[in-house]
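Since the model is a prediction, treat every value here as computed from it, not as a measurement. Chain letters run A, B, ... following the sequence lines, proteins first, then strands; residues in each count from 1. Just the heavy atoms: all of them, side chains too, but no hydrogens, waters or symmetry mates, feed the values below.
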Amino acid sequence: MLDKKYNHKEVEKGKYKKWLEKEYFQSGDKSKDPYCIVIPPPNVTGKLHLGHAWDTALQDIIIRYKRMDGFDAMWLPGMDHAAIATEAKVVAKLKKEGINKYELGREGFLEKAWEWKEEYAENIRKQWAKLGLSLDYRKERFTLDEGLSNAVKEVFVRLYNEGLIYRGERIINWDPEAKTALSNEEVIYKEVKGAFYHIKYFIEGEDDYLEIATTRPETLLGDTAVAVNENDERYQKYIGKNVILPLLNKKIPVIADQHADPEFGTGVVKITPAHDPNDFEVGERHNLERINILNEDGTMNEKTGKYQGLDRFKARDEIVKDLEKEGLLIKIEEITHNVGHSERTGVMVEPYLSKQWFVKMRPLADRILENQKNKETKVNFVPARYEKTMNHWMEITYDWCISRQLWWGHRIPAWYKGEEVYVGLEKPKGEGWKQDEDVLDTWFSSALWPFSTLGWPNETEDLKRYYPNNVLVTGYDIIPFWVNRMTFQALHFTNQRPFKDCLIHGLIRDKMGRKMSKSLGNGVDPMDVIDTYGADALRFFLTTNTAPGMDLRYDEEKVKSAWNFINKLWNASRFVLMNIEDIDNIDYEGKDLSIEDKWILTKLNETIKTVRTNMEKYEFNNAGGALYKFIWEDFCDNYIELSKSKLNNATTKKVLLKVITDILKMLHPFMPYVTEEIYSKLNVKEAESIMISSYPKYNKKEVFEEKEKLDKVIEDITNIRNLKVTNNITKEAGISLKAEKEVEDIYKNMLKITYENLNKEKEGEKYEYKSPYINIVYFQKGKEIDKNILKTEIEKLEASINKRKKLLANENYVNKAPANVVEQDRKKLKEEEEKLERLKEQL
RNA sequence: GGGCGAUUAGCUCAGUUGGUUAGAGCACUUGCCUUACAAGCAAGGGGUCGGGAGUUCGAGUCUCUCAUCGCCCACCA
């Protein structure tokens, strides 16, 4: 028997371990159709947050549903080495211990990083277990493991040989804190206060000057030209002349270039090819020298004379001071503008000239855009609008900078000897080859995740069976980083989409709608929530409180509400278990079913249909809502109450058992622990675990037309209760009752009418309620009847009838609206008119 | 500047291809310790769907427009 109250800690205890021991999570039954999800690999940088809990709960719901529904369901776990993020953490940890990364050296550092990885991976597995995720751990992968590293190398080499990977000197986004290049996607633009510094650039040998505005005055040390637009009449006369670069007193030319916009600022632009992507292009066009003025750590380098060694911001201050001293500073105009920051370290990124490896994106992106036009082969986004996000990024894409000046990651498979470059899977033969020191962007390996985890480039059984994956579940913020890249790599290397569907969810926010972040300190640890309310309540909250693709606010009250729902389920189950001890099968006979049995079985089947439809559409909010309503209202409030007077009837008991079994099964993907606990206590069950039982199927034979009748009876009961409450009818009131035989007891039980008060006295005011199935009168002495309520109701009803009559008199409506809709209206009108009759009689 | 989303009850959110009287949870009112559950039961109150225009027999739902908020992208010398 169940305890009196639902206790999530007791319920969850030991279950996950048992599931693992029984190997329920394992895939591979070849007699079934395959269904595969690969987990978005969490970074081995720390704890899982609520966003992970949400993301994985969604996947677990899908995979458990599919497993119960007869698929060979495979959910592949794994983790991401998260190159820059992890390296930053390990560096910080070492720093605390007084160890410098560079003193440690590459090998020593990697050893520490692997130690870190093991520790955090184990922690993540523990959290997955707490959440109850049915992952097939035999398939677990790590982006840096041998197989995946081979896949990475293979892809790099092949793209290189196809001309889709190249090495070149470009302006990239430089993170001076992590001392590495970043991709455009890893740069976050934030609005900051800054200034336009207006500076005089004197014309060589003249008293005249050009006024130039810049937000980064320190870069003037790297200027190699000044540009104006050739159509700009103000400046045409200067083209071809030289200006004197302030502070350095160096001659640089005035050139004509379309980059200078006469409408913007003063119309004159300083050109710093080594520190601005646009200027870089101008430099290319005019063959200008590229002068890099920065060190890797963001300090000024040896080319900057007296400023050498100063931090870039300190140097800016000094330069502005010096300009002012020399009378070259015209004004400082304060502005707010968007400046790029590193996604990981948060520092301002520096556009920086550097030799890096790039993926040539245009052909790969076009492949996606082309493929998305084909309904049969495209990635189906849910909600569909997110396809636009992917397409948009693919339309504007830049070449992808993939090299990172880090140690933790896949080392670039390129070797150099003098001017020679060799790219291959292995070190080339011969002496003197030196491998590239850099590693690859972490997303380069995660882009291969859907197929590299299944064994690609080898033609493995798993790859044949589980690829493409059925669905990928992730947040919309990850589309540009990951979904896009998986898609073009998959199309390029496997000629298929990586997954058929892509279920997108939003971001988790705090109760006030703010993003959860460390700096705000508003983060919620899912493990704390599980401790307080249990994994089942957390999962139900996360997956049923929002429509697909929308953000979700974390609200403890709602988790509590989920807990209450589970407690309700618990108690309903308790009631059933208390009363079915002598039942050893659920094979009831159709002829033995009462009207209430038929009613609940019909409702059950309607619910199964709705739930299944919504599970297939990933609309778990609707599936959860339908279950909530069915369980609480139909089953608990009505069927259980109705069953209480029939507990000596074996059929009633069997129906109770049948319904609670199907309820548990349908809820299982949402709340695995509690459903398993209750299921284990059932007398009759098809499997030793609910996990491997079958998902309920819609059964047309158990849909009965008597359902309509009981719906009406229940409506009557509500109305009669309302009549009693609004008129203060007491227990002592006399009752006269006439009801249809089949439903008479239902009225009596639900209205708590006993023989004592039936026909007891028939004096006093009459309170009457009539319907097709019942005619009941309450007699209460010494009370005036408040007929106002009745009058209002009649007025309302009359208004509704008039409206409907008018509608049905409208030829346009009758001719154009679907027949069933019109028929519904006619039926409704008839009912309303009958009801009006009855009410008028009572007046 | 471009795109996307949101705007529905006091709060947080649903509302599927346009079709009865727009739903839920929490909060609120009233009455109940009825032996599955007081973290519960019963009965209620509360919104005209951001504003405006249009299409339609019929609009929360489709179109246009305006407003506010949020996100993404671009610009930012």
Out of rC73(B), rA77(B), rA36(B), whichever nucleotide has its closest atom nearest the side chain of M578(A):
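For the M578(A) side chain, the nearest candidate turns out to be rA36(B).
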rU16(B) base / K617(A) side chain donor-acceptor hit below 3.5 Å:
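Between rU16(B) and K617(A), which were checked side chain against base, a qualifying N/O pair under 3.5 Å is present.
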Give A260(A) one of three labels, base, sugar-phosphate or nothing, depending on what nucleic acid heavy atoms sit under 4.0 Å from its own.
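The residue A260(A) makes base contact.
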Quick one: is [X] getting a side-chain N or O under 4.0 Å of the [N] phosphate, OP1 or OP2?
{"X": "R721(A)", "N": "rA42(B)", "answer": "no"}
{"X": "T389(A)", "N": "rG3(B)", "answer": "no"}
{"X": "R385(A)", "N": "rG5(B)", "answer": "no"}
{"X": "T219(A)", "N": "rA77(B)", "answer": "no"}

If you measure only the distance, is there a donor-acceptor pair under 3.5 Å linking the side chains of E186(A) and S183(A)?
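Distance-only check passes for E186(A) and S183(A).
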Taking rA67(B) as the reference, what is the distance to rG51(B) when you measure between their P atoms (whole Å, please)?
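These two P atoms come out 15 Å apart once rounded.
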Looking at side-chain heavy atoms only, is the closest gap between V713(A) and M750(A) below 4.5 Å?
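No - every pair of side-chain heavy atoms lies 4.5 Å or more apart.
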Is the shortest heavy-atom distance from the side chain of E343(A) to the side chain of E185(A) under 4.5 Å?
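No - every pair of side-chain heavy atoms lies 4.5 Å or more apart.
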Check nucleotides 18-24 of chain B against the protein and report each pair of N or O atoms closer than 3.5 Å, with its distance, or say if there are none.
residue, atom, partner, partner atom, Å
rU21(B), O4, K828(A), NZ, 3.4

Can you list, by residue number, the residues of residues 536-551 of chain A that have a non-hydrogen atom closer than 4.0 angstrom to RNA chain B?
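Here the set is N545(A), T546(A), A547(A), M550(A).
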Hey, which sits more toward the 5' end of RNA chain B by its nearest nucleotide, I396(A) or F575(A)?
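Looking at RNA chain B, the more 5' nearest nucleotide goes with F575(A).
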Collect all protein-nucleotide pairs involving nucleotides 37-39 of chain B in which both atoms are nitrogen or oxygen and the distance is under 3.5 Å.
residue, atom, partner, partner atom, Å
rC37(B), OP1, K4(A), NZ, 3.2
rC37(B), O4', N571(A), OD1, 2.9
rC37(B), O4', N571(A), ND2, 3.4
rC37(B), O2, K568(A), NZ, 2.9
rC37(B), N3, K568(A), NZ, 2.8
rA39(B), O2', N567(A), ND2, 3.4
rA39(B), N7, K5(A), NZ, 3.3

